[in-house]
Number of protein chains: 2
Amino acid sequence: MNFKKTYSISELSQEFDVTTRSIRFYEDQSLLTPGRRGQTRIYTSQDRVRLKLILRGKRLGFSLAEIRELFSLWDETTSGSEKQLSLLLIKISEKRAELEQQIKDIAMVQLELDSAESRCRDALNELTTKQKQQQTE
Amino acid sequence: MNFKKTYSISELSQEFDVTTRSIRFYEDQSLLTPGRRGQTRIYTSQDRVRLKLILRGKRLGFSLAEIRELFSLWDETTSGSEKQLSLLLIKISEKRAELEQQIKDIAMVQLELDSAESRCRDALNELTTKQKQQQTE
DNA sequence: ATTCATCTTTACGTTTACGTAAACTTCCTT
DNA sequence: AAGGAAGTTTACGTAAACGTAAAGATGAAT
């Protein structure tokens, strides 16, 4: 079902709502490495997953450089030396810490939104009850 | 205890590890409006809270424009008309949706980190067991 | 009185992440 | 054969978020 095998750049562009410019730019930054048929880029479902990961990273506010680092974290787990691997574990836990900070931040902002919403509802209530009073007077 | 009342720009700069340039830039973008004694900026604990909120927003990948929008969301809850307030409720729920998407994204990335970490540990294990074999041979 | 430390404004420079336009190829259709 | 749709490279432009001097004001300490 999900094995269409290959995608054109415009297909991916539409599916994920990004411009082809962006997709090519990500390739320029070595975040994607699609194959070619002649000049034309051909994206495998692996490439598609990569793109999905890129966009996910962006939604979290990561720069393309950081996303590239995350990718190499992943890739090097198969090929690293002992020092490399130890370093990787450190980097991984650093990323984890970032994410946990983000979770805390989100929780705080959610609280602020809660507060803003109830203030907003209160203000609305006051306005509409005043209107009713004016109507009956 | 926490009521030092006022802060200099460098105090805030050090406390939150941002440059004074950034702090002044945030003011330029109307995200901060400190008082003045002569030419010198004086920050109240309210301003300090604002700065904290700005940096929190940045950690979540929000642009300064979005952060400004969040602030005005908050501020307008006291002064808005009925239409304003209804619009605010919509915007608030939009922000909420963004945050929930971020939470999902974070969960996914955490899973990927889990996976990367165990791959990493496996690889390390193999390396060290091979070393032991070599030692005993 | 001068030397600092800290503050200020002004302004040009830089990086990131694309937007946008120009000019060209390829393939398909009419 | 001619046109159009979708792809390509090249390259200049741009908005955001600061960095980085330069040049001066202010207040405290020597």
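Letters go in sequence order (proteins before strands), and every chain restarts at 1. Quantities reported herein were computed from a predicted structural model and do not represent experimental measurements.
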Checking Lys95(A) against Phe62(A): charged group under 6.0 Å from the ring centre and within 45 degrees of the axis?
-> yes

How long is the line joining [atom1] of [X] and [atom2] of [N], in whole Å?
| X | N | atom1 | atom2 | value |
| --- | --- | --- | --- | --- |
| Gln14(B) | dA5(C) | CD | P | 15 Å |
| Lys58(A) | dT16(C) | NZ | P | 13 Å |
| Gln29(B) | dC18(D) | CD | P | 9 Å |
| Phe25(B) | dT10(C) | CZ | P | 16 Å |
| Asp28(A) | dC12(D) | CG | P | 15 Å |
| Arg37(B) | dT26(D) | CZ | P | 13 Å |
| Asp17(A) | dG19(C) | CG | C1' | 15 Å |
| Glu27(B) | dC18(D) | CD | P | 15 Å |

Salt bridge between Glu15(B) and Arg48(B), side-chain N to carboxylate O under 4.0 Å?
-> yes

Is a side-chain N or O of Arg68(B) found less than 3.5 angstrom from the main chain of Gln29(B), in a donor-acceptor match?
-> yes

Donor-acceptor under 3.5 Å (Asp47(A) side chain, Thr44(A) main chain) = yes

Which residues satisfy the side-chain hydrogen bond (donor to acceptor under 3.5 Å, both in side chains) test with Thr33(B), sequence neighbours excluded?
-> none

Can a side chain N or O of [X] be found less than 4.0 Å away from OP1 or OP2 on [N]?
| X | N | value |
| --- | --- | --- |
| Thr19(B) | dG19(D) | yes |
| Tyr26(A) | dA17(C) | no |
| Ser22(A) | dA17(C) | no |

Can you tabulate the close N/O pairs, meaning under 3.5 Å, that link protein atoms to atoms of nucleotides 20-22 of chain C?
unit_1: dT20(C); atom_1: O4; unit_2: Arg21(A); atom_2: NE; d: 3.0

Without hydrogens or angle criteria, can the side chains of Thr19(B) and Ser22(B) be said to hold a donor-acceptor pair below 3.5 Å?
-> yes

Side-chain H-bond candidate by donor/acceptor type, Gln101(A) with Asp105(A), under 3.5 Å | yes

Test Arg24(A) against Arg41(A) for side chain to side chain contact (heavy atoms under 4.5 Å, CB included), laying out the working first.
-> CA-CA 9 Å; Arg24(A) 293 199 190 95; Arg41(A) 277 163 255 253; 3.3 Å; yes

Exceeds 12 heavy-atom contacts within 6.0 angstrom, atom CG of Asp17(A) | no

Could you write out each protein N or O paired with an N or O of nucleotides 4-8 of chain D at a distance under 3.5 Å?
unit_1: dG7(D); atom_1: OP1; unit_2: Ser8(A); atom_2: OG; d: 3.3
unit_1: dG7(D); atom_1: OP1; unit_2: Ser10(A); atom_2: N; d: 3.4
unit_1: dG7(D); atom_1: OP1; unit_2: Ser10(A); atom_2: OG; d: 2.5
unit_1: dG7(D); atom_1: OP2; unit_2: Ser10(A); atom_2: OG; d: 3.2
unit_1: dT8(D); atom_1: OP1; unit_2: Arg41(A); atom_2: N; d: 2.7
unit_1: dT8(D); atom_1: OP1; unit_2: Arg41(A); atom_2: NE; d: 2.8
unit_1: dT8(D); atom_1: OP2; unit_2: Arg24(A); atom_2: NE; d: 3.1
unit_1: dT8(D); atom_1: OP2; unit_2: Arg24(A); atom_2: NH2; d: 2.7
unit_1: dT8(D); atom_1: O3'; unit_2: Arg41(A); atom_2: NH2; d: 3.4

